[in-house]
Novice: 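The structure under discussion is supplied below as structure tokens; questions concerning it will follow.
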Protein chains: 2
Amino acid sequence: MDNEKVIIDKGSILPLYHQLKVHIESNIESGRWSPGTLIPSERELGETGNISRMTVRQAINELVNEGKLYSVRGKGTFVSRPKIEQGLSTLTSFSQDMRKRGMRPGAKMIEAFTHEAGEKIAKELDISVEDKVYDMYRLRLADDEPMALERSMIPMDLVPGIEKESMEDRSLYEILYRKYGLEFHEAKQTIQAVLLHAKEAEMLRVPMDSPAMMTERVSYLNSGRTFEYVRSYYRADRYQYSIYLNQAE
Amino acid sequence: MDNEKVIIDKGSILPLYHQLKVHIESNIESGRWSPGTLIPSERELGETGNISRMTVRQAINELVNEGKLYSVRGKGTFVSRPKIEQGLSTLTSFSQDMRKRGMRPGAKMIEAFTHEAGEKIAKELDISVEDKVYDMYRLRLADDEPMALERSMIPMDLVPGIEKESMEDRSLYEILYRKYGLEFHEAKQTIQAVLLHAKEAEMLRVPMDSPAMMTERVSYLNSGRTFEYVRSYYRADRYQYSIYLNQAE
DNA sequence: CAGTGGTCTAGACCACGAG
DNA sequence: TCGTGGTCTAGACCACTGA
């Protein structure tokens with residue numbers, strides 16, 4: 001018997017609608033509310049949690065937008081059928097990606113310094129040729145074994161003082177979020193197959209001319225400003241890229 | 001002088017928030033509010049249109065969700081920079097893909113026959129090991145030059161009589177749609193970097209051990225049934241994969 | 001400090017679905 | 001007819017930004 005007496009804690013720092021949202025999500029994930037289930041009405045959820053209907057609606061709206069629920073006027077709100085795994089084409093950091101694959105992410109700094117953008121980088125980052133960029137070159141590890149070489153460039157004005165941060169074994173994105181409040185929500189990425197040159201192959205501890213996947217990514221902040229340019233080389237023997245495709249329209 | 005006297009018509013059948021949404025969108029699309037512009041505050045929009053702030057928020061919320069606006073607490077709401085091209089991660093056929101890249105697609109049949117699925121294919125297509133599949137192996141051309149090797153397998157019961165169709169230089173998906181009414185809307189794909197063996201390299205007219213991108217795709221019908229399994233080898237010197245990424249959540 | 005967006009309330013009327 | 005979600009109001013307090 002799982003008693004769900006207290007759904008909403010008005011003393012919490014978390015918004016009430018967020019608490020309700022989490023509560024609904026847990027009912028879905030646990031299977032208590034299976035796909036197709038009619039969930040309690042908005043008025044009922046409001047009474048149960050002792051919150052107003054508009055607040056309930058905010059929680060439900062977000063879940064509808066995320067595709068977890070769908071509403072039918074005059075009938076009610078239902079749990080959606082599960083899609084094929086979500087998020088295969090979502091934006092993730094190396095660290096998140098490796099954790100999802102069940103491996104422990106790590107990083108070894110190769111070099112990090114600040115320099116003028118130059119023509120190619122200026123174009124990618126949509127800044128002036130003379131603008132400074134923070135340039136960080138790291139060997140990325142998965143379970144302590146080399147997995148990829150990753151070179152990130154960020155306009156220096158977005159991350160003043162970043163050169164004083166320690167990046168060894170830390171997620172760049174976590175630092176960017178926590179220290180600079182930077183969050184992006186979209187990126188454009190290209191992927192190609194290449195052969196590794198001697199130096200790169202050595203760092204990745206594979207034979208020269210081994211195949212690799214080269215990815216180039218340009219990320220954008222919510223404001224639309226270009227935020228980073230990253231070029232990575234992934235060992236083909238350890239890495240494969242997965243993606244979920246939707247039919248347009 | 002563009003007088004915007006009447007923004008909201010309370011007599012309209014259209015919801016007030018929808019009218020305001022359209023009004024904001026037209027200001028963005030016309031360029032009156034360019035990217036980065038601070039738009040009027042929620043309270044101000046409410047007064048101007050003589051509607052409540054909650055209604056204004058509904059309009060703005062939807063536009064924020066669509067990525068056209070972004071809000072910053074304590075500062076205001078701003079027009080987003082225009083998005084990167086959409087649909088880079090949508091499901092396309094080889095033919096569509098090549099046309100989008102400005103090249104003329106083509107195909108040369110290598111072999112096509114029917115056989116029992118076997119263990120691996122049965123698993124990918126979610127059918128029985130003894131079920132028949134249609135197996136088609138083609139060289140794909142772009143502007144008459146080899147671009148990829150493509151091997152498609154489809155459960156035979158979905159496409160009876162397909163062996164009588166001519167597939168040379170024709171889009172498989174077009175035939176499937178026109179003759180069998182088959183349409184899919186989602187797929188799962190993996191991508192890896194590989195080296196080409198002698199035989200494949202020869203067909204693609206590149207040196208042996210050239211790099212290539214191998215993709216594996218499993219497509220699903222609207223009903224959820226697995227529909228095809230495709231393995232392709234793309235010449236790395238001619239092909240690069242582009243994808244648009246969204247931040248989850 | 002004033003102004004902004006973020007959250008929340010306690011009502012209200014409507015259109016729609018089903019019995 | 002009753003219950004549902006869809007829309008809307010007129011307030012309120014909060015946390016945050018910037019002067």
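Quick note: numbers below take in every heavy atom, side chains included, and nothing from hydrogens, waters or symmetry partners.
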Novice: Measure the distance from CD on A:Gln58 to C1' on D:dG5 and round it to the nearest whole Å.
Specialist: 17 Å

Novice: Over how many whole Å does the gap from A:Gln19 atom CD to C:dT7 atom P extend?
Specialist: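 A:Gln19 atom CD is separated from C:dT7 atom P by 12 Å.
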
Novice: Any base atoms under 4.0 Å from B:Ile51, or only sugar-phosphate, or nothing? Heavy atoms, all strands.
Specialist: sugar-phosphate

Novice: Applying salt bridge (charged side-chain N to carboxylate O under 4.0 Å, His left out), can you list everything that pairs with A:Glu145, at least two apart in sequence or on another chain?
Specialist: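 Here the qualifying residues are A:Arg205.
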
Novice: Among D:dT7, C:dG6, C:dC8, find the nucleotide with the atom closest to the side chain of A:Pro15.
Specialist: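 Among D:dT7, C:dG6, C:dC8, the one nearest the side chain of A:Pro15 is C:dC8.
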
Novice: Reading nucleotides 11-19 of chain D from the 5' end, what letters show protein touch, with B for base, S for backbone sugar-phosphate only, - for no heavy atom under 4.0 Å?
Specialist: -B--BBBS-

Novice: Report the residues that fulfil side chain to side chain contact (heavy atoms under 4.5 Å, CB included) with A:Glu111, sequence neighbours left out, ordered by chain and then residue number.
Specialist: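 In terms of side chain to side chain contact (heavy atoms under 4.5 Å, CB included), with neighbours along the sequence ignored, A:Glu111 is linked to A:Phe113, A:Tyr137, A:Arg151.
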
Novice: A:Arg104: what forms a salt bridge (charged side-chain N to carboxylate O under 4.0 Å, His left out) with it, not counting sequence neighbours?
Specialist: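 Salt bridge (charged side-chain N to carboxylate O under 4.0 Å, His left out) check on A:Arg104 returns A:Asp144.
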
Novice: Does D:dG3 have its OP1 or OP2 closer than 4.0 Å to a side-chain nitrogen or oxygen of A:Ser41?
Specialist: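 No, outside the criterion.
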
Novice: How many whole angstroms separate atom CG of A:Leu16 from atom C1' of C:dA10?
Specialist: 15 Å

Novice: Under the ring pair (Phe, Tyr, Trp, His ring centres under 6.0 Å) rule, collect the residues that match up with A:Tyr234, sequence neighbours excluded.
Specialist: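 For A:Tyr234, the residues satisfying ring pair (Phe, Tyr, Trp, His ring centres under 6.0 Å) (neighbours in sequence not counted) are A:Tyr239.
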
Novice: Between P on C:dC8 and CD on A:Glu62, what's the gap in Å once rounded to a whole number?
Specialist: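 Answer to the nearest Å: 11 Å.
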
Novice: Using a cut-off of less than 4.0 Å, is there contact between a side-chain N or O of B:Ser52 and OP1 or OP2 of D:dA10?
Specialist: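 Checking B:Ser52 against D:dA10: no side-chain N or O falls below 4.0 Å of OP1 or OP2.
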
Novice: Between A:Glu216 (side chain) and A:Ile191 (backbone), is there a donor-acceptor pair under 3.5 Å?
Specialist: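 Pair absent, no side-chain N/O of A:Glu216 close to backbone of A:Ile191.
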
Novice: Examine C:dT7: is either OP1 or OP2 under 4.0 Å from a nitrogen or oxygen in the side chain of A:Thr55? Give yes or no.
Specialist: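 Answer no for this pair, as no side-chain N or O of A:Thr55 is under 4.0 Å from OP1 or OP2.
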
Novice: Between C1' on C:dG5 and OH on A:Tyr17, what's the gap in Å once rounded to a whole number?
Specialist: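 From A:Tyr17 OH to C:dG5 C1': 12 Å.
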
Novice: Could you tell me how far apart B:Arg57 (CZ) and D:dT9 (P) are, to the nearest whole angstrom?
Specialist: 15 Å

Novice: Only counting residues at least two apart or in another chain, list the ones meeting salt bridge (charged side-chain N to carboxylate O under 4.0 Å, His left out) with B:Asp131.
Specialist: none

Novice: Mark yes or no for whether B:Thr55, through its side chain, and B:Ile51, through its backbone, hold a donor-acceptor pair below 3.5 Å.
Specialist: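 Side chain of B:Thr55 to backbone of B:Ile51, a donor-acceptor pair under 3.5 Å: no, none is there.
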
Novice: A:Leu69 has an atom CG; how far is it from atom C1' of D:dG6, in whole Å?
Specialist: 16 Å

